[in-house]
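To keep things clear, I will list the structure first and then write my remarks on it.
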Amino acid sequence: MNQRVLEKLKAQFSDAILESNEFRDELTVVVPKERIAEVCRFLKFDAELRYDLLADLCGIDMYTPVKRFGVLYNLYSLKNKHRFRVKTFAEEDDPKVPTVTGVWATANWHERETYDMFGILFTGHPDLRRIYMPEEFEHHPLRKDFPLMGIPGSLPLPKKS
Amino acid sequence: MGLEQAVGDSFLTTKLEDAINWCRKNSMWPMPMGISCCAIEMMAFVAPRFDASRFGSEVMRFSPRQSDVMIVAGTTTYKMSKVVRKIYDQMPDPKWVIAMGACTSSGGMYRTYSVVQGIDQFLPVDVYVAGCPPRPDNLLNALMILQQKVQRGESRGSSMAIIGEFPKHHHPHQLQAVEQ
């Protein structure tokens with residue numbers, strides 16, 4: 001199945017598959033962020049592949065000068081009972097990735113979580129607000145440069161009267 | 001006491017404050033602030049096996065207006081702290097707080113940015129309960145310690161004007177007389 005997915009993707013998007021990697025029968029492809037929505041739409045609606053479940057969408061902080069932030073899409077095809085991963089990267093000074101809420105509605109909250117924890121901005125997202133941290137919080141806790149115990153004073157407590 | 005000799009065994013004399021505190025300590029209605037897994041043990045604490053009703057505390061009130069003691073049972077995050085404080089502020093005086101479990105008392109194993117490292121940073125806590133989670137009998141013990149505090153007229157949260165300015169030490173026979 002992995003080979004078939006890769007063949008179809010390469011036939012459809014010859015220029016968009018930057019990298020592919022198979023490790024313990026698990027296939028991962030890397031695509032440029034500008035093409036992510038288009039690739040996802042194809043993976044979901046292609047009659048043979050039918051990756052109709054976005055099992056998870058999460059962020060990665062590589063903490064490198066280039067391609068610092070990554071977004072990982074874990075897909076599942078109920079038809080083929082097959083799992084598949086798509087990855088895309090963004091730069092630190094421009095952490096923007098197009099949204100895939102138009103493909104899978106469930107991406108809405110996953111992208112809000114990724115924005116909250118990593119500060120990755122999903123362009124075109126209908127409601128990009130924080131989902132865990134208070135709205136007035138100014139940091140992104142899962143970034144590698146965020147201290148484990150937080151930044152003192154960044155989260156106010158009620159007064160002890 | 002002269003008065004008791006005069007009226008015989010049918011009467012006992014005490015101070016009004018002691019009588020009120022005796023009533024208060026035997027009807028401590030809890031506000032169950034069950035935030036996480038400690039709440040399961042808190043449920044066992046009111047259930048028949050451990051039976052908090054032996055101490056007059058079986059009436060869990062889900063309205064802060066009707067409760068006397070808030071049992072904060074669980075990991076309190078910074079985001080949740082505002083809610084906990086708001087509910088505490090809605091409780092009528094006099095009021096008490098039990099911090100149940102390691103997370104509530106000190107942050108516990110969650111030494112991280114999102115968890116308050118001890119609710120005493122924003123609430124006046126009367127009794128801390130150790131354990132992760134504490135057994136229900138440990139919570140019963142906390143309730144009994146709190147009852148002793150209430151009988152002495154102490155509270156970390158309420159002002160002394162509401163509790164009443166009571167002497168710190170009582171004569172033992174006065175307490176016995178009230179409890180008979």
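Residue numbers start from 1 in every chain, and the chains themselves are labelled A, B, ... in the order their sequence lines are given, proteins ahead of strands. On a predicted model such as this, the values are computed, not experimentally measured, just so you know.
- Contacts of B/Val116 with chain A are made by side-chain atoms alone, with heavy-atom separations under 4.5 Å and no backbone atom involved.
- Using a 4.0 Å cut-off between a side-chain N of Lys or Arg and a carboxylate O of Asp or Glu, A/Asp52 and A/Lys79 do not qualify as a salt bridge.
- Residue contact with chain B, scored on non-hydrogen atoms closer than 4.5 Å, is absent for A/Glu135.
- A salt bridge links A/Glu48 with A/Lys8: at least one charged nitrogen is closer than 4.0 Å to a carboxylate oxygen.
- Figure legend: cation-pi geometry between B/Arg85 and B/Phe122 absent, as NZ or CZ is not positioned both under 6.0 Å from the six-membered ring centre and within 45° of its axis.
- Considering A/Val86, A/Val39, A/Leu27, A/Val31 as possible partners of A/Leu9, the one that fulfils the side-chain contact (heavy atoms from CB on, under 4.5 Å) test is A/Val39.
- In this structure, chain B has a heavy atom under 4.5 Å from the side chain of A/Phe146, while its backbone stays farther away.
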